[in-house]
Amino acid sequence: MNDLNLALIGNCNIGALVNAQADIVWGCFPRLDGDATFCSLLQGERGEDTPGIWSVELFDLERSEQEYLPHTPVLVTRLYDKNGGIVEITDFSPRFTHHNRIYCPMILVRRLKRIAGCPRVQVRLRPATDYGAGAAAATPGSNHIRYFTSQTTLRLTTDASITAIMQETPFLLNDHVNLLLGPDETVTAGVHDVCSRYEQQTIDYWRDWVRSLAIPFEWQEVVIRAAIILKQNAFEDTGAIIAAMTTSIPEANDDSGRNWDYRFCWLRDAYFTLNALNSL
């Protein structure tokens, strides 16, 4: 089992778990209880042919830092190499009000930005199908790649080299790279503009939501972060609150068999979550 010290990104429709090196190691499509398109969390140490992962590898990695933008679930990871190169990776799933409705599409956005030096990176996007039984088939387009899983077809739209993504070729990160993984639909504007707009509108939505909370005087930052996490576990379409994002992670290492799928609404857990959210 890999390290379980993970960050959560999501929008109440889908969610994903990101480790300290900016690998997306868990994420289900087309919704919270769907097929585990990213499932390397359950596969032990990462190998060269591991399916179910979305990594951004910085060559000569020395250390990493990770934080959420204040009062949002927008995650920022900074990778530092041994030569002074720095890459900043911003991860989020869009959520904001659009046409007087909550817009929370089946989309994950990753934005890569060079901060310093001449960082050399390698993007490994390997969606799995049938809970890691195999890799999703992929076909390239002009500025996108389609991935075919058993439950849905995903489309990566990017301003990076399609060949570099398909063949996992290392490249120098000169400025920005945007990666938008979502439904098999055409992005109607430039991917950089779309990702920029999604990011800002998502930040604005969550900060407005936090302003509406009745926060206690003590432990404000911790309470706000916990509230955001709880909110991300509420499925937008039905209101059901899942107990957790994952399945198949043992509660103990004693062969007790205590190993459950927590991506469903357990009434006891939902009761305590509702009490917490209602008090806020």
Side-chain angles (χ1 to χ4, degrees), residues 3-20 22-29 31-33 38 41 64-78 88-98 101-111 181-182 195-246 249 262-266 269-280:
D3 182 12
L4 297 180
N5 184 21
L6 304 166
L8 170 64
I9 58 174
N11 65 359
C12 305
N13 184 34
I14 60 170
L17 298 176
V18 188
N19 69 15
D23 298 343
I24 293 181
V25 297
W26 181 264
C28 299
F29 288 88
R31 62 184 203 172
L32 296 172
D33 63 347
F38 301 109
L41 176 64
S64 65
E65 298 174 354
Q66 200 168 56
E67 63 182 357
Y68 288 108
L69 294 183
H71 301 172
T72 79
V74 177
L75 181 69
V76 177
T77 308
R78 295 180 185 88
E88 183 177 271
I89 303 163
T90 302
D91 291 320
F92 66 96
S93 191
R95 180 180 175 87
F96 50 86
T97 302
H98 183 61
R101 298 183 63 181
I102 296 297
Y103 180 65
C104 49
M106 185 187 70
I107 289 176
L108 293 177
V109 176
R110 314 203 76 181
R111 309 193 71 196
L181 183 68
C195 291
S196 296
R197 176 168 57 85
Y198 280 1
E199 180 180 352
Q200 189 57 56
Q201 289 178 295
T202 299
I203 291 170
D204 292 343
Y205 169 86
W206 284 102
R207 288 180 177 168
D208 285 343
W209 185 78
V210 167
R211 289 189 193 101
S212 72
L213 302 180
I215 306 298
F217 179 75
E218 296 181 322
W219 310 105
Q220 290 193 11
E221 292 302 318
V222 176
V223 171
I224 289 171
R225 180 55 51 198
I228 291 173
I229 296 297
L230 292 178
K231 175 69 171 174
Q232 288 175 276
N233 282 267
F235 184 50
E236 181 71 23
D237 188 44
T238 65
I241 300 171
I242 62 171
M245 287 282 167
T246 55
I249 297 177
Y262 282 101
R263 302 168 303 148
F264 295 94
C265 183
W266 292 24
D269 297 42
Y271 168 80
F272 288 118
T273 303
L274 282 172
N275 272 349
L277 289 175
N278 284 336
S279 70
L280 296 173

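For the single chain, residues carry numbers from 1 onward in sequence order.
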**Student:** Counting C-beta onward and ignoring hydrogens, is there a side-chain heavy-atom pair between Val109 and Cys195 closer than 4.5 Å?
**Tutor:**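 They are in contact (side-chain heavy atoms under 4.5 Å apart), so the answer is yes.
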
**Student:** Please work out which of the three classes, parallel, tilted or perpendicular, describes the rings of Tyr198 and Phe96, given edges at 30° and 60°.
**Tutor:** tilted

**Student:** Answer yes if the side chains of Tyr205 and Tyr103 hold a donor-acceptor pair under 3.5 Å, and no otherwise.
**Tutor:**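 There is no such pair (donor and acceptor under 3.5 Å, judged by atom type) between the side chains of Tyr205 and Tyr103.
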
**Student:** Would you indicate whether the side-chain heavy atoms of Tyr68 and Leu8 approach each other to under 4.5 Å?
**Tutor:**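 With C-beta onward as the side chain, the pair touches.
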
**Student:** What's the shortest heavy-atom distance between Ile242 and Arg263, and which atoms?
**Tutor:**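 Smallest heavy-atom distance, with atoms named: CG2-O, 3.5 Å.
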
**Student:** Would you check if Asn13 and Phe235 make a side-chain contact, meaning some heavy-atom pair closer than 4.5 Å?
**Tutor:**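 Answer yes - side chains close enough.
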
**Student:** Do Glu199 and Arg111 make a side-chain contact, defined as non-hydrogen atoms from C-beta onward lying under 4.5 Å apart?
**Tutor:**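 Result yes, sub-4.5 Å side-chain heavy-atom pair found.
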
**Student:** So, using side-chain contact (heavy atoms from CB on, under 4.5 Å) as the criterion, who are the partners of Asp269 when residues are at least two apart?
**Tutor:** Ala243, Trp266

**Student:** Mind listing the side-chain donor-acceptor pairs of residues 224-234 below 3.5 Å, one per line with the distance, residues two or more places apart or on another chain?
**Tutor:**
{"unit_1": "Arg225", "atom_1": "NH1", "unit_2": "Thr72", "atom_2": "O", "d": "2.7"}
{"unit_1": "Arg225", "atom_1": "NH2", "unit_2": "Thr72", "atom_2": "O", "d": "3.0"}
{"unit_1": "Gln232", "atom_1": "NE2", "unit_2": "Gly10", "atom_2": "O", "d": "3.4"}
{"unit_1": "Asn233", "atom_1": "ND2", "unit_2": "Ile229", "atom_2": "O", "d": "2.8"}

**Student:** Looking at every non-hydrogen atom in both residues, tell me the closest pair between Thr77 and Ala20 and how far apart they are.
**Tutor:** CG2-O, 3.6 Å

**Student:** Is any side-chain heavy atom of Asp33 closer than 4.5 Å to one of Phe264?
**Tutor:** yes

**Student:** Suppose the criterion is salt bridge (charged side-chain N to carboxylate O under 4.0 Å, His left out): which pairs have a residue in residues 205-221, not counting sequence neighbours?
**Tutor:** Asp208-Arg211

**Student:** Has the side chain of Asp91 got a donor or acceptor atom that lies under 3.5 Å from a matching backbone atom of Val76?
**Tutor:**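 No: the side chain of Asp91 does not pair with the backbone of Val76.
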
**Student:** Please report the closest heavy-atom contact between Ile14 and Leu32, naming both atoms and the distance.
**Tutor:** C-CD2, 3.5 Å

